[in-house]
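The structure appears right after this line, and notes come after that.
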Number of protein chains: 2
Amino acid sequence: MVKYYKDPLDRIFFALADKTRRSIVQELNSGIKTAKELAEPFMMSLPAISKHLKVLEMAKLIKREKRGRQHFFSLQAEGLEAVSNWSEFFDTFWNQNLDNLETYINKKENIDE
Amino acid sequence: MVKYYKDPLDRIFFALADKTRRSIVQELNSGIKTAKELAEPFMMSLPAISKHLKVLEMAKLIKREKRGRQHFFSLQAEGLEAVSNWSEFFDTFWNQNLDNLETYINKKENIDE
DNA sequence: ATTATAGTTAACTATATGGTTAAATATTAC
DNA sequence: GTAATATTTAACCATATAGTTAACTATAAT
């Protein structure tokens, strides 16, 4: 299951590269849920969901808490944070583009005047 | 190469789930580069890089411009934007957590007073 | 025209993934 | 203690991925 040697971002992005897993994460945004509850919306066996949950757990996108025979899942900060940290560098890209656009607009306005 | 039926976010996250591809994206943050230039830092054949570039291109994380026999690559807004849009919903999660923390701290302060 | 350069496509291999069903584990209920 | 419930693990299958080398395409240089 999920290559053990992958780096944290590999695991996180890999985990999010699957529609079912993204849905699970979104679902958990509205609160803690059991494996059974999480499986319910999907046309898929429980073992399949169990695997998806493990992938998300390994990526530290969710965490598991066993209470009796049930496993309760919830969002975990660690993984989510890593994504946003990584993608932060794009802000630079964006801001540059925005700056360029602004510069361009300003220049144009000056010419128009 | 890269399942044709994948949804856009599948492709984007999948593309980013590989260290080599993430490095390429980061490299492109500092400007436009050719395939050869992008391949240079990696201990990997050119065809391997060619495939990675195609994956990133399909995900609309980068775009390609052919000039003569060279292919120039640069970051593309579309894919990057999709990631940040998708991960926006986590802000809610974060803000809630922050709110809860604040509430907790405030309550505690009131008790301490 | 030949040769060199930049890059892709094809064919292949080993390993990983996403699903399945059947069996195992652990806890709760009767 | 036996049955039911919640969930995972095992074994398996089909397909996808990441890399390889060899062959191909297209442009540039001599």
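Here is the naming used below: chain letters follow the sequence lines, and residue numbers restart at 1 for every chain.
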[X] (side chain) donor-acceptor with [Y] (main chain) under 3.5 angstrom:
| X | Y | value |
| --- | --- | --- |
| B:Arg22 | A:Trp86 | no |
| B:Arg21 | B:Ala15 | yes |
| A:Glu40 | A:Glu37 | no |

With respect to the phosphate group of [N], does any side-chain polar atom (N or O) of [X] fall under 4.0 Å of OP1 or OP2?
| X | N | value |
| --- | --- | --- |
| B:His52 | D:dG19 | yes |
| A:Ser45 | C:dG19 | no |
| A:His71 | D:dT8 | yes |
| A:Arg67 | C:dT27 | no |
| B:Arg64 | C:dT8 | yes |
| B:Lys54 | C:dT9 | yes |

inquiry  = Both A:Gly68 and A:Met44 contact DNA chain C. Which one's nearest nucleotide lies toward the 5' end?
reply    =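 Comparing both residues, the 5'-ward one is A:Met44.
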Ionic contact status for A:Glu65 with A:Arg67, cut-off 4.0 Å =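 Result for this pair is yes, salt bridge flagged.
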query = Salt bridge or not for B:Asp7 and A:Lys19, using N-O below 4.0 Å?
reply =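 The answer is yes: the pair qualifies as a salt bridge.
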key: Residue whose nearest DNA chain D nucleotide is more 5′ - B:Lys6 or A:Leu53   =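 In this pair, the answer is A:Leu53.
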When the distance from [atom1] of [X] to [atom2] of [N] is rounded to whole Å, what number comes out?
| X | N | atom1 | atom2 | value |
| --- | --- | --- | --- | --- |
| B:Arg22 | D:dA18 | CZ | C1' | 15 Å |
| B:Phe13 | D:dT17 | CZ | C1' | 19 Å |
| A:Phe72 | C:dT27 | CZ | P | 14 Å |
| B:Asp18 | C:dT17 | CG | C1' | 15 Å |
| B:Ile49 | D:dT21 | CD1 | P | 14 Å |
| B:Met43 | D:dA18 | CE | P | 17 Å |
| A:Phe14 | D:dT17 | CZ | C1' | 10 Å |

message = Is it the case that the base of D:dG19 and the side chain of B:Lys51 share a donor-acceptor contact (distance under 3.5 Å, atom types as modelled)?
response =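 A donor-acceptor contact between them is present.
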Base of C:dT5 paired with side chain of B:Arg69 (donor-acceptor, under 3.5 Å) =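 Looking at the base of C:dT5, it does pair with a donor or acceptor on the side chain of B:Arg69 (distance under 3.5 Å).
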note = Regarding the side chain of A:Lys36, the nearest nucleotide among D:dT8, C:dT8, D:dT7 is D:dT7
